[in-house]
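Everything on this sheet refers to the single structure shown next.
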Amino acid sequence: MSDTPNKIVLKDIHKRFGRKVVLDGLNLEVPRGKSLVVIGGSGTGKSVMLKCVLGLIRPDSGQILIDGQDSMKFDNGEREEALRKFGMLFQGSALFDSLKVWENVAFGLIQGRNMPRGEAKEIALEKLGQVGLGPEVAELSPAELSGGMQKRVALARAIAAEPEIIFFDEPTTGLDPIMADVINDLIVSCVRKLGATTLSITHDMASARKIADYIAMIYKGKIIWHGPASQVDTSGNDYVDQFIHGRAEGPIKMEVLKP
Amino acid sequence: MNPLAIIGRVFLDFLTAIGRVAVFTFHGVRHIFMPPFYLRLLVRQMMTIGYFSLPVVGLTALFTGMVLALQIFIGAGRFNAESAVASIVVLGITRELGPVLGGLMVAGRVASAMAAEIGTMRVTEQIDALTTLSTNPFKYLVAPRLLAATLSLPVLVLVADIIGVMGGYLIATHKLGFNAGTYMKNTLDFLQTLDVVSGLVKAAVFGFIIALMGCYHGFQSRGGAQGVGKATTDAVVSASILILVANYFVTELFFAGK
Ligand SMILES: Nc1ncnc2c1ncn2[C@@H]1O[C@H](COP(=O)(O)OP(=O)(O)OP(=O)(O)O)[C@@H](O)[C@H]1O
Ligand SMILES: [Mg+2]
């Protein structure tokens, strides 16, 4: 089972909210132990795609395989078991505001894995250190942090339990360029050192180039291009070219009113 | 639009809501009995629901008992039945006013707070985050609240009963000229265990309703601050109405068994 080449496979996923079609036959494969970066315009369904894999949103149709197992057919126990493999950085951080920073980071260890609090706190402090936050921050509550600091705490929380699969929804948005690069290095080391499989979403091409083994581009609910990160500049795909160069002119039309 | 269609739609929406609440209740209760148990959370909830509601509920009970003594004195005076004041006050408080007014006050205080807290967690994806951290939101958020409210309210109402009777006693002895010893004797002589117990059972039911509505509306909330605001209002209104409805049925249940 666990030697399928792809850790996660999405087959023909459809999802609509009311009349709005968000995912329209999306196919994606995430290779085991590699870093895949999904790029694409705002509102194209990237976050929805991640939530479908996590079972937080139920797709209307399609198949999601995790380690070769069909996640739609999981019973409650199997779903909980599968979720243990995942770490997730939410786009909006989603920190628990009733808990201190370190309790947030240690949450999965204490509640999910029954680790003693003292031991979990040590790990939490170490992970906070890796995202550039000192022990004095650990005792604060999330509301006392800046947006970028919250994002880094959420990142520490996502990797604290050293999961097999980590999803990063816009890990570097809201960070300064130097800190963004520190985070990029951290993501790379999760893949290289821990052998994790990561699926990241970003608009930040510098970050994408640095962390990606493979890049896929989503447009109108479908993956329109995917390939090794090194080929993203020579993809020959007009949509990809327009996106990575950030041009307003091109096949992707932003629905904005021109003054 | 066709009026029949509107009636049909409202009726269907109503049934859907009942179905949702039923499923929600089932999951919430199931997780009360399935490990792991979050004892810390249970204790913390019992503090917020029970202990911190004491001032509100205590004051409510005190003034209700006082007013009850006055009113019944006036009413009973018309039949020359002033000696019944003590027993009517204690029956009124323990059987009815203690649990109902206590329940309504706690509904305003606790159901709203729960809906706001859980609703905010919903719209800021904290509930999704719980799931990804191998923690079941029903077990972590709903089960402790349901259990804590169901256990705390009877204790709270028992205290309210005592304070309420005290309120009546104060007015009767200081204002209405009753003899302290006789009033106490009348209070206790006619009181039956069932009077108190039926009130406490009501309290437990109301506690369950309060937590259920707080959690349910919190979970259902969508779309930012406005959604959370609506969830809060819905929680208090529905909890209050359900308390009054449940009050009738529990009363009837005990009435049938006399
Ligand atoms: N719970 C929901 N209910 C209704 N519509 C939703 C919901 N979640 C997402 N959508 C819609 O789905 C579309 C895709 O949303 P999504 O959050 O996946 O975008 P995204 O690609 O992550 O964008 P961004 O880069 O801005 O984060 C949006 O148009 C949004 O309006
Ligand atoms: Mg997004």
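Side-chain atoms are counted along with the backbone in the values below, which use heavy atoms only and exclude waters and symmetry mates. Quick note on labels: first sequence line is chain A, next is B, and so on, each numbered from 1.
Within the model, atoms OG of B:S134 and NZ of A:K85 stand 12.0 Å from one another, a figure rounded to the nearest 0.5 Å.
Contacts of A:Q111 with chain B are made by both backbone and side-chain atoms, with heavy-atom separations under 4.5 Å. Contact of B:T135 with chain A is made through the side chain alone, with heavy-atom distances under 4.5 Å. Contacts of B:L130 with chain A are made by both backbone and side-chain atoms, with heavy-atom separations under 4.5 Å. Contact annotation for A:F96: both backbone and side-chain heavy atoms come within less than 4.5 Å of a heavy atom of chain B. For A:I57, no part lies near chain B; criterion is any non-hydrogen pair under 4.5 Å. In this structure, the portion of A:N76 lying under 4.5 Å from any heavy atom of chain B is its side chain and not its backbone. The contact between A:L95 and chain B is made entirely by backbone atoms, counting heavy-atom distances below 4.5 Å. For a residue to count as touching a neighbouring chain, one of its non-hydrogen atoms must lie under 4.5 Å from one of that chain's; by this rule A:L83 touches chain B with backbone and side chain alike.
In this structure, the side chains of B:T131 and A:L56 come closer than 4.5 Å at one or more pairs of heavy atoms. Within the 4.5 Å cutoff, side-chain heavy atoms of B:E125 are placed close to those of A:K51. Annotation: side chain of B:T132 is in contact with side chain of A:F90 (closest heavy-atom distance under 4.5 Å).
Of the listed residues B:D128, B:T124, B:N136, the one with more heavy-atom pairs under 4.5 angstrom with chain A than any other is B:D128.
The neighbour count for B:F63 CZ, taken as heavy atoms of other residues, nucleotides or ligands under 6.0 Å away, does not exceed 12. Within a 6.0 Å radius of CD in A:E122, no more than 12 heavy atoms belonging to other residues, nucleotides or ligands are found. For B:R222, the CZ atom counts as densely surrounded, since its 6.0 Å shell holds more than 12 non-hydrogen atoms of other residues, nucleotides or ligands. Within 6.0 Å of the CD atom in A:E78, the count of heavy atoms belonging to other residues, nucleotides or ligands exceeds 12. Atom CZ of B:R9 sits in a sparse spot, with 12 or fewer heavy atoms from other residues, nucleotides or ligands closer than 6.0 Å.
The two residues B:Q126 and A:A94 have their closest heavy-atom pair at CG-O, 3.9 Å.
The aromatic ring centroids of B:Y140 and A:F107 lie less than 6.0 Å from each other.
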